[in-house]
Chemist: 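Here's a structure for you.
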Amino acid sequence: QLLALEGEALVRMAYKKLLLREADSGGLANYVGLLNAGRSKAAVVRSLALSEEGRAKSVQLRGLQALLDASVVEGRRRKRGWKRLLRLKL
């Protein structure tokens, strides 16, 4: 349900659900700016959940672990892609 929200509403609700507090003005501006620049909603939620504060809160939300697990797989794929590019002979 969190990913159904957009922009500022998404960031505010992510702070409430993941960090158990209201968004501070700097964090709100940062994450809304990232969304406006094309960052995915999932990436913003992952960033908050995996932040030092997010890890300390260790909130359990339905679907959150799957989202975090997907980011690990995605990161591995990205690393393999870069390794392949670096091995290319030009």
Side-chain angles (χ1 to χ4, degrees):
Q1 293 175 335
L2 184 59
L3 295 179
L5 299 172
E6 300 289 337
E8 187 175 324
L10 167 74
V11 175
R12 287 184 183 279
M13 186 59 68
Y15 265 81
K16 286 180 186 177
K17 296 292 185 179
L18 298 170
L19 305 183
L20 306 176
R21 65 175 178 86
E22 297 294 323
D24 56 277
S25 60
L28 180 63
N30 177 55
Y31 287 111
V32 170
L34 289 172
L35 289 168
N36 290 339
R39 183 74 53 94
S40 72
K41 295 188 279 187
V44 167
V45 170
R46 275 193 305 265
S47 182
L48 283 166
L50 296 174
S51 69
E52 185 177 336
E53 185 178 358
R55 288 190 316 269
K57 300 289 184 188
S58 191
V59 171
Q60 299 298 314
L61 293 178
R62 185 176 43 199
L64 179 60
Q65 191 59 52
L67 183 70
L68 298 177
D69 291 344
S71 71
V72 169
V73 170
E74 182 181 313
R76 287 183 187 146
R77 284 186 189 140
R78 222 180 279 132
K79 282 182 185 176
R80 282 192 304 247
W82 277 109
K83 285 180 183 177
R84 285 187 196 122
L85 282 173
L86 293 174
R87 285 190 304 234
L88 286 176
K89 293 181 182 178
L90 301 176

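Residue indices begin at 1 and follow the sequence shown.
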Chemist: Going by side chain to side chain contact (heavy atoms under 4.5 Å, CB included), name the residues that satisfy it together with Ala29, two or more places apart in sequence or in a different chain.
Modeler: none

Chemist: In Å and rounded to the nearest 0.5 Å, what is the CG to CG distance from Leu35 to Leu5?
Modeler: 11.0 Å

Chemist: Can you list every side chain to side chain donor-acceptor pair (under 3.5 Å) pair that touches residues 25-36, not counting sequence neighbours?
Modeler: Tyr31-Ser47

Chemist: To the nearest 0.5 Å, how far apart are CG in Leu20 and CD in Glu53?
Modeler: 8.5 Å

Chemist: Give me the atom names and distance for the closest heavy-atom approach of Leu18 to Val59.
Modeler: O-CG2, 3.5 Å

Chemist: Using a 3.5 Å cut-off and no angle test, enumerate the donor-acceptor pairs between side-chain atoms of residues 6-16 and protein atoms at least two apart in sequence or in another chain.
Modeler:
unit_1 : atom_1 : unit_2 : atom_2 : d
Glu6   : OE2    : Lys41  : NZ     : 3.0
Glu8   : OE2    : Arg12  : NE     : 2.8
Glu8   : OE2    : Arg12  : NH2    : 2.9

Chemist: What heavy-atom pair brings Ala23 and Leu28 nearest, and what distance separates the two atoms?
Modeler: CB-CB, 4.2 Å

Chemist: Could you tell me whether the side chain of Val44 reaches within less than 4.5 Å of the side chain of Arg39, counting heavy atoms only?
Modeler: yes

